[in-house]
Protein chains: 2
Amino acid sequence: MAEQDTTSALAPRLADSIRDKLISGELKPGQRLSEAALSTDLDVSRNSLREAFRLLTKEGLLRHEPNRGVFVATPSMASIIDIYRIRKIIECQALAKAYPKHPAVARMRGAVESARKASENSDWAAVGSQNMVFHASIVDLADSQRLSGFYAQIAAELRLSFGLLANPELLHAPYVEMNFAILETLEAGRAEEAAAALETYLAQSERTVLAAFGRL
Amino acid sequence: MAEQDTTSALAPRLADSIRDKLISGELKPGQRLSEAALSTDLDVSRNSLREAFRLLTKEGLLRHEPNRGVFVATPSMASIIDIYRIRKIIECQALAKAYPKHPAVARMRGAVESARKASENSDWAAVGSQNMVFHASIVDLADSQRLSGFYAQIAAELRLSFGLLANPELLHAPYVEMNFAILETLEAGRAEEAAAALETYLAQSERTVLAAFGRL
DNA sequence: CTGTCAATATTGTTCAACGATTTAATTCTA
DNA sequence: TAGAATTAAATCGTTGAACAATATTGACAG
């Protein structure tokens, strides 16, 4: 990997590191994160670690219980519904009003192509990642830094939910070609139509995820 | 005021306290916040204060420069445009798809009524606050905790911009009756029409704010 | 088995310290 | 005197230790 960036502050780097472990599933929902244990583990002081905890708590990835510690957030049906509600509002609007030659369209295309290759290799984790890139790029169409940042946050939270679910193929594979269709429609200048397709997509995806979640 | 809530953690309370000072204008944009000075001022440790700083930085209210300290965020035209872009997407969609008997509608009505009273008394600060309550309630129509939280954040950032501008009457007074009209349209079951009116409203408000900002 | 109470562990907060970086002041040179 | 270079002061970044407050555990009595 690349050498760590010592220029930036420690706490955000710690938060990045922990976030990766959360998304990768190394840290499991509900698990308690001991300040003492983690601080010696990561070789940082308790104070620095606590600063990182605050950031992740604000992102919704950790839950803080006073005098008891921080825990990995436990996804629920309610949180999944909440997040999909937001996705429908933000992604569909961003797409509906998009300029077909926006720079983010290139990123959408790149994500679709990468997802196809990963799909051929049955690398479902990569398919999932590229799928996320595709949708983040849709939000980028709205040209709002803050909105993109917010979306990145709820996307991370959603990935936490995905981590709980078995069968990643079922969760991601069917959507590669739907993404492609949406992209084509957008580039053809029919943004409204693409947005309608995306809404259908999201509704279907939500049903799948909730069903899988209900099976736990 | 009420006695302080010692049950909750210190850092969030500090953040609340500082946020109030930011919105009220007690702390002015661009101003540097010394850790040492503020910690003795508020009678807390530097560590606790730093935790509060991180929270507010993540909210966009403070800007952090490595090894130089934190500064009150300086609103810019870019940030105002960014925020209005988000408002159009979120508020209009929330309103367009709203259920006319949603509990948040009552809060909208309360805000309109309070704003009218404040307007009669020429209490423009109160008019502005109630205006914010009205729009936050619109977002609540979408029934998404996360979305409402995010909106609260950008609303705070927008209030920071308002604080820079003179003539609060011009910024808030004209919109009281427009809010009322939107509310009536929604309650009449014409949500789409209300959303269209809101979009016009937001475009006009944005122009006014940007114009005032340009005069600085 | 259940409730009480002490012992233990963990978090919440503060303080002091020190290296690193920025900012201000001072000195030196042309 | 103006400007550049150097030194000194202030501030941040991070750590470690300390102690109070709270939560958990385990022993014990009934």
Side-chain angles (χ1 to χ4, degrees), chain A residues 2-22 26-74, chain B residues 2-22 26-74:
Chain A
E3 68 270 13
Q4 60 182 351
D5 182 8
T6 46
T7 57
S8 64
L10 179 57
R13 266 187 294 144
L14 277 176
D16 289 344
S17 157
I18 298 173
R19 196 182 299 107
D20 285 345
K21 292 185 183 177
L22 289 170
E26 190 173 334
L27 299 173
K28 287 170 192 166
Q31 180 179 345
R32 177 161 160 279
L33 300 183
S34 156
E35 292 185 357
L38 252 186
S39 65
T40 59
D41 234 39
L42 300 175
D43 206 47
V44 296
S45 74
R46 250 181 81 210
N47 281 326
S48 301
L49 186 61
R50 283 168 61 84
E51 290 202 357
F53 279 171
R54 298 254 181 226
L55 294 178
L56 294 167
T57 299
K58 189 131 206 171
E59 289 179 22
L61 263 38
L62 298 181
R63 182 170 32 93
H64 179 104
E65 299 188 12
N67 290 311
R68 286 179 25 86
V70 297
F71 300 78
V72 179
T74 305
Chain B
E3 67 271 12
Q4 63 181 350
D5 182 7
T6 46
T7 58
S8 66
L10 179 56
R13 266 186 294 143
L14 276 176
D16 290 344
S17 159
I18 297 173
R19 195 183 301 107
D20 285 345
K21 291 185 183 175
L22 290 170
E26 189 175 334
L27 300 173
K28 287 169 191 168
Q31 179 179 346
R32 176 161 162 282
L33 299 183
S34 157
E35 293 186 355
L38 250 187
S39 66
T40 59
D41 233 40
L42 299 176
D43 205 47
V44 295
S45 75
R46 246 180 85 209
N47 280 328
S48 300
L49 187 60
R50 282 169 60 85
E51 291 201 354
F53 279 171
R54 297 253 180 230
L55 295 178
L56 294 168
T57 299
K58 191 128 201 164
E59 288 179 22
L61 263 38
L62 298 181
R63 181 171 33 92
H64 180 103
E65 297 189 13
N67 290 313
R68 286 180 25 87
V70 296
F71 300 78
V72 179
T74 306

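All heavy atoms count here, side chains included; hydrogens, waters and symmetry mates do not. By convention in this document, chain letters (A, B, ...) are assigned in the order of the sequence lines, proteins followed by strands, and residues within each chain are numbered from 1.
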_Nearest to side-chain heavy atoms of Asn67(A), which nucleotide of dT21(C), dG12(C), dT13(C)_ = dG12(C)

*Given dT14(C), is OP1 or OP2 found less than 4.0 Å from the side-chain N or O atoms of Ser48(B)?*
yes

*At under 4.0 Å, does any side-chain N or O of Arg50(A) touch on OP1 or OP2 of dT11(C)?*
no

*Presence of Arg32(B) side-chain N/O under 4.0 Å of dC12(D) phosphate oxygens OP1/OP2*: yes

_Are His64(A) and Phe53(A) packed together at the side-chain level, in the sense that at least one heavy-atom pair is separated by less than 4.5 angstrom?_
no

*For DNA chain D, what residues of residues 52-61 of chain B have any heavy atom nearer than 4.0 Å?*
none

*Considering all heavy atoms, the nearest Arg46(A)-Glu35(A) contact*: NE-OE1, 2.9 Å

*What integer distance in Å separates Leu10(A):CG from dA20(C):P?*
15 Å

*asked:* Is the shortest side-chain heavy-atom distance between Asp16(B) and Arg19(B) below 4.5 Å?
replied: yes

*Are any of the side-chain heavy atoms of Arg54(A) and Arg54(B) separated by less than 4.5 Å?*
no

*Do you know which two heavy atoms are closest between Ala52(A) and Ala15(A), and how far apart they sit?*
CB-N, 3.8 Å

*For DNA chain D, what residues of residues 33-46 of chain A have any heavy atom nearer than 4.0 Å?*
Val44(A), Ser45(A), Arg46(A)

_Minimum-distance pair of heavy atoms, taken over all atoms of Gly60(A) and Ala73(A)_ = O-CB, 3.5 Å

*asked:* Closest approach to the side chain of Ala9(B), judged atom by atom: which nucleotide of dT10(C), dT14(D), dT13(C) is it?
replied: dT13(C)

*In whole angstrom, what separates Asn47(B)'s CG from dT11(C)'s P?*
16 Å

_Pairwise side-chain contact, Ser39(A) with Arg50(A), heavy-atom cut-off 4.5 Å (strictly under)_ = no

*How many Å lie between CD on Glu65(B) and P on dT11(D), as a whole number?*
16 Å

*To the side chain of His64(A), which of dT15(D), dT13(C), dG12(C) is closest?*
dG12(C)

*Minimum heavy-atom distance Leu42(B)-Lys21(B), with the two atoms named*: CD2-NZ, 3.6 Å

*asked:* Just to verify, which of Val70(A), Leu55(A), Leu56(A), Val72(A) counts as forming a side chain to side chain contact (heavy atoms under 4.5 Å, CB included) with Ile18(A)?
replied: Leu56(A)

*d(CD, Glu51(A); C1', dG13(D)) in whole Å*: 9 Å

